[in-house]
2 protein chains.
Amino acid sequence: MNRKRVSAHQPVLLATVAAKAGVSIATVSRIVNGETGRASAETIERVQKIVGALGYRPNHVGRALRRRESRIVAMLSPNLDNPAMAAIAASVETALRSAGYVMILCDTHDRAELQDEYLHAMRSQAVQGYVLVNAVQSEALSASVARGDPIVFVGRRNPAGAGSFVGIDNRRAGADAADHLWAQGIRDLAVIHPTQGSSASRDRVDGFVRRLKELGLPCEAIRQASALGLSHLEVGYAAAQRLIDGKSWPGGLLCPSDMMAYGAYRLALEKGIRIPETCRIVGIDDNALNAWIAPWLISVRIPYADFGAKVVGQLQALWAGEQPSEQLLPHELIVR
Amino acid sequence: MNRKRVSAHQPVLLATVAAKAGVSIATVSRIVNGETGRASAETIERVQKIVGALGYRPNHVGRALRRRESRIVAMLSPNLDNPAMAAIAASVETALRSAGYVMILCDTHDRAELQDEYLHAMRSQAVQGYVLVNAVQSEALSASVARGDPIVFVGRRNPAGAGSFVGIDNRRAGADAADHLWAQGIRDLAVIHPTQGSSASRDRVDGFVRRLKELGLPCEAIRQASALGLSHLEVGYAAAQRLIDGKSWPGGLLCPSDMMAYGAYRLALEKGIRIPETCRIVGIDDNALNAWIAPWLISVRIPYADFGAKVVGQLQALWAGEQPSEQLLPHELIVR
DNA sequence: GACAGCCCGGCAAACGTTTGCCAAACTGGT
DNA sequence: ACCAGTTTGGCAAACGTTTGCCGGGCTGTC
């Protein structure tokens with residue numbers, strides 16, 4: 001019968017306030033939006049009092065429709081289960097909030113078709129910007145880029161061309177790892193990586209190998225192995241297995257992500273190899289948990305906590321009509 | 001001058017399609033929404049073809065305004081940096097997507113005033129439901145509950161009264177930990193916890209202690225310590241420090257979360273205590289990384305991956321007008 | 001007193017969609 | 001030929017907000 005009664009506080013609208021204040025909704029709207037000089041001081045005061053008393057809050061849907069700005073930003077991230085991705089998400093979310101935006105989070109599971117589905121869905125949500133973490137090449141992405149949508153790429157550059165970017169200098173990160181191991185006097189070095197690595201992975205490995213060559217280590221002296229796999233954990237385990245197939249463990253091992261390092265570590269445990277005494281493992285990311293439960297891991301710390309502010313800065317630049325730009329943040333090798 | 005030209009593909013609207021098809025926007029709307037029986041087969045076919053060709057996608061803002069449903073759900077979570085929270089977020093996001101909703105993610109940093117700010121902001125976004133992970137008591141929360149907003153509490157029950165809930169039987173989880181340690185013949189047992197723990201933490205500790213009492217261990221034989229702290233990592237470290245202050249390490253230690261266990265582990269490392277030989281540590285959550293880098297940790301696995309579906313189920317029940325209900329999922333003690 | 005300029009505020013048209021209602025055209029039965 | 005019923009589709013009013021434009025009343029100047 002009167003099922004509406006059950007929980008139907010009807011929302012307070014501009015009209016509600018306007019009626020109570022004896023002014024038009026236009027006036028209330030202007031006052032709510034801080035437009036001064038369009039109403040007398042007394043009117044403003046009175047309306048504001050009523051707004052407060054009634055707890056009026058503008059309906060964002062109506063506003064978005066009229067102003068054509070939703071104040072929503074979409075963040076597409078592969079597997080949130082990866083702590084590095086979670087850290088980026090947290091950082092971006094916080095930065096967006098302080099800039100007055102809210103974040104829709106989409107987990108693409110690193111799959112192009114899901115990324116496309118989300119890009120379409122977000123477009124019909126009328127989001128104002130996109131943050132693409134480790135994006136993959138896909139049709140809707142190309143279309144979005146071509147349309148000139150405001151996109152910031154994080155971690156991995158636009159797989160199809162230019163675009164705003166926030167990340168680190170991956171090549172230098174690899175080189176820093178090389179320098180460290182070299183300085184420790186370790187010469188039997190190895191590196192593992194995903195078989196179809198992203199540009200980020202490739203650059204890290206590349207920087208590592210190049211630097212070692214500069215230091216005088218012949219290319220063929222650096223053992224390499226790769227593996228396919230769903231997660232970097234499994235890739236690390238499987239690639240390490242291939243690496244040591246019949247052979248001894250290297251004295252130093254670069255893993256292009258902490259997750260891969262964990263995978264390699266598990267194999268080492270199973271084989272009775274002592275880490276870090278027998279083999280120094282270097283990861284990249286420096287997961288916050290390392291300090292607590294993986295002090296054996298040397299890792300390149302990426303300042304994920306600072307990503308959010310940079311990302312929002314890039315978005316605002318795009319909104320202001322500026323050209324896309326790249327922002328490289330400093331990294332730091334952490335040894336415990 | 002013509003700056004609009006630069007990147008202004010004007011969006012394709014119902015009107016665009018309607019004009020091209022020579023029908024009214026009403027007809028297009030109905031066809032897009034799958035309403036059959038209101039247009040001839042040929043018209044439907046023709047319109048659908050044009051919709052496909054033009055790539056028309058309904059604008060969700062317009063639709064939300066008219067239908068009064070945004071298909072947006074807000075998820076409020078404390079620190080995403082906690083892998084357990086990230087796992088919940090990922091699971092809920094996936095479940096929402098397959099139900100046709102999108103998720104706005106809000107990181108409350110476990111602070112009541114931020115939670116309030118978000119609750120207000122989400123209300124003006126006209127979200128259709130709320131997923132509150134480990135919610136804290138707050139003013140806007142009470143108001144929202146009183147208004148009858150559709151809220152599902154996860155992990156921690158509504159701090160102010162009843163409400164839909166998804167989680168595990170925390171008391172039994174604590175008891176299971178007690179059973180395990182007891183069965184190992186360990187009798188010098190201890191437990192640490194946050195000084196102002198949530199109901200979840202309290203229940204876990206409570207279940208642990210009660211079960212031990214049932215098994216014949218006098219209450220005062222169970223050492224307890226607590227600490228204040230920002231993160232459970234720090235709480236674990238500090239509480240463990242108090243626990244062993246001058247005294248020996250216990251043979252078994254319950255930590256109400258894996259994070260706290262990591263904190264205790266770090267102290268053990270520093271003190272040269274061998275884990276698990278000297279002290280069995282039991283955590284709760286069973287972080288996915290445990291299998292890889294913390295095999296020493298015994299942990300109660302919580303099926304976070306299943307939370308999403310349950311949460312969405314609860315939301316749909318609330319939308320259908322059903323009463324709030326509680327959903328307890330099975331947990332399992334994992335020993336490696 | 002005419003006129004310009006300002007202050008204060010309202011009217012009404014958007015924004016893109018959905019949907020209740022009406023109506024024209026057709027069908028088939030008498 | 002008429003009528004009832006069905007099929008097909010359009011009109012226009014919402015939904016809640018913002019904002020261009022207009023106008024009435026006031027002040028001050030010539």
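Naming: A, B, ... by sequence-line order, numbering from 1 per chain. Only heavy atoms go into these numbers, but all of them, side chains included; no hydrogens, no water, no symmetry mates.
- Within 4.0 Å (heavy atoms only), B:L14 reaches at least one base atom of the nucleic acid.
- Checking B:N33 against B:R63 by side-chain atom types alone, a donor-acceptor pair falls below 3.5 Å.
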Anything under 3.5 Å between a donor and an acceptor, one on a side chain of residues 76-88 of chain B, the other on a protein residue two or more places apart or in another chain? List them.
unit_1 : atom_1 : unit_2 : atom_2 : d
B:N82  : OD1    : B:A84  : N      : 2.9

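- Using a 3.5 Å distance cut-off with no hydrogens or angles, the side chains of B:T43 and B:S40 do pair a donor with an acceptor.
- Checked against ring-ring contact (aromatic ring centres under 6.0 Å, His included), B:Y130 has no partners two or more places apart in sequence or in another chain.
- Checked against ring-ring contact (aromatic ring centres under 6.0 Å, His included), A:F153 has no partners two or more places apart in sequence or in another chain.
- Taking the salt bridge (charged side-chain N to carboxylate O under 4.0 Å, His left out) definition, one finds that B:R71 meets it with B:E69, sequence neighbours left out.
- A:F307 meets the ring-ring contact (aromatic ring centres under 6.0 Å, His included) test with A:Y304; sequence neighbours excluded.
- Reading DNA chain D from its 5' end, the first and the last nucleotide to sit under 4.0 Å from a heavy atom of chain B are D:dT8 to D:dG16.
- For residues 92-104 of chain A, the pairs satisfying salt bridge (Lys or Arg N to Asp or Glu O under 4.0 Å) are A:R97-B:E117, with sequence neighbours left out.
- B:Y56 meets the ring-ring contact (aromatic ring centres under 6.0 Å, His included) test with no other residue; sequence neighbours excluded.
- Salt bridge B:K49/B:E45: present, at least one basic N to carboxylate O contact under 4.0 Å.
- From one end of the helix from C:dG1-D:dC30 to C:dT30-D:dA1 to the other, with five pairs defining each end axis, the axis direction shifts by 70° (rounded to 10°).
- Remark: B:L65, B:R66, B:R68 in residues 48-71 of chain B come within less than 4.0 Å of DNA chain D through at least one heavy atom.
- Partners of A:E326 by side chain to side chain donor-acceptor pair (under 3.5 Å), not counting sequence neighbours, listed by chain and number: A:R157.
- A side-chain donor-acceptor contact under 3.5 Å links A:Q314 and A:S325.
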Counting primed atoms, P, OP1 and OP2 as sugar-phosphate and everything else as base, the B/S/- map of nucleotides 6-11 of chain C against protein heavy atoms under 4.0 Å is --SBBB
